[in-house]
Amino acid sequence: MDSTGSRNASIMTFIVWALNMEWSLRELIQRLKHYPLGILASEFKRFVNNTRREMTSLKRRLVLLKPKRKTIGNILLCYSNQAFFLKPGEPFPADHTNRWESWQIAKTFLDLGYCVDVIDENNDRFVPARNYSLFVGNRTNFERIARLLNKDAIKILHIDTAHWLFHNMAECRRLEALRQRRGIILLPQRNMRPNMAIEHADYGTVLGNDFTINTYKYANKPLFRIPISTPALYPWQHDKDFDGSRNSFLWFGSHGFIHKGLDLVLEAFSQMPDYKLTICGPIHAEKGFQSAYHKELYNTSNIHTVGWVDITSPNFLEIVRRCIGLVFPTCSESGGGGVITCMHAGLIPVISHEASVDVDDSMGVILKTCTVDEIKASVTKISHLTRQQLESMAKRNWDFARAKHSREIFAASYAKIIAEIIAVEKKTVPAARFAIETTSSPTNSCQSDSSARLQSPE
C-alpha cells in the first residue's frame, strides 16, 4: 500500500474510532483539523477567504482620472482613496482630513491637465505600468514605489506625521514615563513602520508647523508647508456662557491615548475635583488603556467619558459649548487636525509644542514639559481669567482657524506649491516634460471610470 492509501486508511480508522467514542460532529471536526488533510483544508479555506477580501478591498483598487482638457502628462497619487468611491450626494468622511485632501490633490493636477492614477496608501502590490511625470504619496508606500518609477519622475512626499524616528521614540518615552509613574506597561499604539521616504523624495509638502518640518530637515530636501484643512466649520457661539464653562475642559483625539497624552490629562483632572473633563475618543479601541485607567474614566465624578463623537453632529457642538478649552498634550503630530477642529469651535487650546499647531499667548498655552503638574497649573491659569479675556481668546482662536485652516485655503496653498515645483523643474529639464497653465474654473474638471469619480459629493 502506498503512502497516500496508508494515510487515507489511517483517517478512516480514526473516524470509526471517533464514532465508537460517541464524539459529537463538532468534536470530530476539531480533531480532524490537526491531521494533514485537515490542515490543508483549513489553509485552502483561509486562502480563498483572503483572496476574496483582497480582490474586493478598496486598497487594491486603481482609480484612473482624466482631465477634460488636453493631457500633458501622468501623475501617480498614493494616499487615501476613500473619497473616490463615494456615491453621488454622499458627503466626504469627517473622521480624518486626508479623505478630502487626497481628493483635492488629485483635482489640483487634473486642473493642470494631468491624468491622475490613484492608489490607496496601503496598496503594497501595485506596480507602475506606465511612466509618470510626478509621484505624490505619503510615507507608507513611498520608498517601494519610488524605486519602481521611471528615473525622471519627480517624487513629492506628502508629510502628514512627524518623522517616524522622532514619532516612535516620543511614544516610547511616554510609555516609559507611564511605567515609572504607575508601575504598568502598555503596548505602543501609534508606532510607525520605519521608512526611507524622505530620502527617496525630491520635494516634501508638510502638514504642520516648524516642529514637524524640523524632524525632516536633516535630509536637506525642499520642504513646503501646507495648512491642514478641516472637515467642518462652526458659527461663532454668541450666546456661550463663558463664566459657566470656565472650569470645563475637553480632551479630543483618536486612538493612541498614551501617545496623545490622555493618561496625563486623566491624572491631572482626577486631582482637580472642581474642574470638569469631557473625553471624546474611541476609548473602547484600547482595552489595556481602558483597564489601566478604568477608575478615572468611569468612576471619577468630575470626568465624563463620551467616546467617539461625530464632529458634524449637534452633540459635538453641545459638548464644546459647555467647555472653555481643549487639553491635548500629545507627543508627536503633524498639523494637529483635532486641535484645529476645536479651535474652529472656539475652544482655547492647552497643547504641547509637538501638536504642531501655531498658538501664541493671546490664544492659549503651549505646554513646555507636559507633566501632570504643568497641566494642572495651565488649566487653573485659563479658568482664572476674566470672562472678557476668555471670550477674547476663544474668538481669536475661532478667527485664526477660519483664516488659516479651511478646505479653500488648503486647495489654494497646494496649487501654489505645485506650480512652484513645476516652475523649478521647467528650468532644469526639457520643457516638454512639464506644462503649467492657470485654470479659472473652480468646478470639477475630470472624468473617471465607472468605479470612481472626482465630482464633489457635497
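A heavy-atom distance below 4.5 Å is found between the side chains of Phe289 and Leu297. Contact check for Ser332 versus His259: side-chain heavy atoms found under the 4.5 Å cut-off. Asn209 is listed as a side-chain neighbour of Arg225, based on a closest heavy-atom distance under 4.5 Å. In this structure, the side chains of Tyr216 and Val206 stay at 4.5 Å or more apart for every pair of heavy atoms. In this structure, the side chains of Thr140 and Asn122 come closer than 4.5 Å at one or more pairs of heavy atoms. His344 is listed as a side-chain neighbour of Leu233, based on a closest heavy-atom distance under 4.5 Å. Taking the side chain as every heavy atom from C-beta outward, Ser102 and Asn81 never approach each other to under 4.5 Å. Side chains of Asn315 and Asp310 form no contact here, defined as non-hydrogen atoms less than 4.5 Å apart.
Around CG of Asp361, the count of heavy atoms belonging to other residues, nucleotides or ligands within 6.0 Å does not exceed 12. The number of heavy-atom neighbours closer than 6.0 Å to NZ of Lys395, taken from other residues, nucleotides and ligands shown, is above 12. Atom CZ of Arg144 has more than 12 neighbouring heavy atoms from other residues, nucleotides or ligands inside a 6.0 Å radius. Taking a 6.0 Å sphere around CZ of Arg130, one finds it holds more than 12 heavy atoms contributed by other residues, nucleotides or ligands.
In this structure, Asp124 pairs ionically with Arg60, as a charged nitrogen and a carboxylate oxygen lie closer than 4.0 Å. Under the 4.0 Å criterion applied to side-chain N and carboxylate O atoms, Arg174 and Asp263 are not assigned as salt-bridge partners. Salt bridge Lys260/Glu333: present, at least one basic N to carboxylate O contact under 4.0 Å. A salt bridge links Arg321 to Asp239: one of the charged nitrogens lies within less than 4.0 Å of a carboxylate oxygen.
Side chains of Glu420 and Tyr203: no donor on one and acceptor on the other come within 3.5 Å. Side chain to side chain, Ser383 and Tyr275 meet the donor-acceptor criterion of an N or O pair below 3.5 Å. Inspection of the Glu101 and Ser229 side chains reveals an N or O donor paired with an N or O acceptor under 3.5 Å. Between the side chains of Arg246 and His384, no donor-acceptor pair is found at a separation under 3.5 Å. Using a 3.5 Å distance cut-off with no hydrogens or angles, the side chains of Gln389 and Thr386 do pair a donor with an acceptor. Using modelled atom types, one finds no donor on one side chain facing an acceptor on the other under 3.5 Å when comparing Asp373 with Thr371.
Across all non-hydrogen atoms, the minimal contact from His405 to Ile409 is N-CD1, 3.9 Å. Pairing each heavy atom of Leu86 with each of Pro91, the nearest pair is CD1-O, 3.7 Å. Closest of all the heavy-atom pairs between Thr305 and Ile283 is CG2-CG1, 3.8 Å. Heavy atoms only, all atoms of each residue included: Thr330 and Ala355 are closest at CG2-CA, 3.6 Å. Heavy atoms only, all atoms of each residue included: Thr312 and Ala232 are closest at CG2-CB, 4.3 Å. Looking at every heavy atom in both residues, Lys221 comes nearest to Ala201 through NZ-O, 2.7 Å.
Between the NZ atom in Lys155 and the NE2 atom in His200 there is a gap of 8.5 Å [rounded to 0.5 Å]. Tyr79 OH to Ile105 CD1: the interatomic distance, rounded to the nearest 0.5 Å, is 6.0 Å. Here Lys240 contributes atom NZ and Ile324 contributes atom CD1; the two are 5.0 Å apart, rounded to the nearest 0.5 Å. Atom CG of Asn195 is separated from atom CG of Leu165 by 10.5 Å, given to the nearest 0.5 angstrom. Rounding to the nearest 0.5 Å places CG of Asn247 at 12.5 Å from CG of Leu277. With values rounded to the nearest 0.5 angstrom, Ile119 atom CD1 is found 11.5 Å from Leu64 atom CG.
Using modelled atom types, no side-chain atom of Gln82 and backbone atom of Arg99 make a donor-acceptor pair closer than 3.5 Å. With hydrogens and angles disregarded, a donor-acceptor distance shorter than 3.5 Å links the side chain of Gln271 to the backbone of Glu267. The main-chain N or O of Gln104 is found under 3.5 Å from a side-chain atom of Thr108 such that the two form a donor-acceptor pair. At distances below 3.5 Å, not a single donor-acceptor pair connects side-chain atoms of Ser291 with backbone N or O atoms of Gly288. Thr97 places no side-chain N or O within 3.5 Å of a backbone atom of Thr230 that could act as its donor or acceptor partner. For Thr380 (side chain) and Lys376 (main-chain N/O), a donor-acceptor pair under 3.5 Å exists by modelled atom type. Within the 3.5 Å criterion, the main-chain N or O of Gln189 finds a donor-acceptor partner in the side chain of Glu171. Checking side-chain atoms of Glu374 against main-chain N and O of Thr369 turns up a donor-acceptor pair under 3.5 Å. With hydrogens and angles ignored, the 3.5 Å screen pairs a side-chain donor or acceptor of Ser245 with a backbone N or O of Asp241. Side chain of Arg139 to main chain of Ile198: no donor-acceptor pair is present (N/O by atom type, distance under 3.5 Å, no hydrogens or angles).
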If you apply the rule side chain to side chain contact (heavy atoms under 4.5 Å, CB included), what do you find for Ser270 with Glu296, and how did you get there? CA-CA 7 Å; Ser270 67; Glu296 290 85 353; 4.1 Å; yes

What do the steps show when you test Tyr132 against Asp117 for side chain to side chain contact (heavy atoms under 4.5 Å, CB included), and what is the final call? CA-CA 9 Å; Tyr132 291 100; Asp117 295 352; 2.6 Å; yes

Residues Ile156, Ile418; criterion side chain to side chain contact (heavy atoms under 4.5 Å, CB included); working and verdict: CA-CA 10 Å; Ile156 304 174; Ile418 293 303; 3.9 Å; yes

Begin from the C-alpha positions of Asp358 and Lys404 and carry the test salt bridge (charged side-chain N to carboxylate O under 4.0 Å, His left out) through to its verdict. CA-CA 10 Å; Asp358 292 331; Lys404 301 294 184 180; over 6 Å; no

Side chain to side chain contact (heavy atoms under 4.5 Å, CB included), that's the test. Do Phe410 and Ile228 meet it? Break it down for me. CA-CA 6 Å; Phe410 176 95; Ile228 195 171; 5.9 Å; no

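Between His158 and Tyr414, the two ring planes are perpendicular [angle over 60°; tilted spans 30° to 60°]. Relative ring orientation between Trp103 and Trp100 is described as tilted, the plane-to-plane angle lying within the 30° to 60° band. Using cut-offs of 30° and 60° for the angle between ring planes, the Phe257 and Trp251 rings count as perpendicular. Ring geometry for Tyr218 against His163 counts as perpendicular: the plane angle is over 60°, on a 0 to 90° scale with 30° as the lower cut. Phe252 and Phe316 have tilted rings, their planes meeting at an angle from 30° to 60° on a 0 to 90° scale. Ring geometry for His353 versus Phe211: interplanar angle over 60°, hence perpendicular rather than tilted (30 to 60°).
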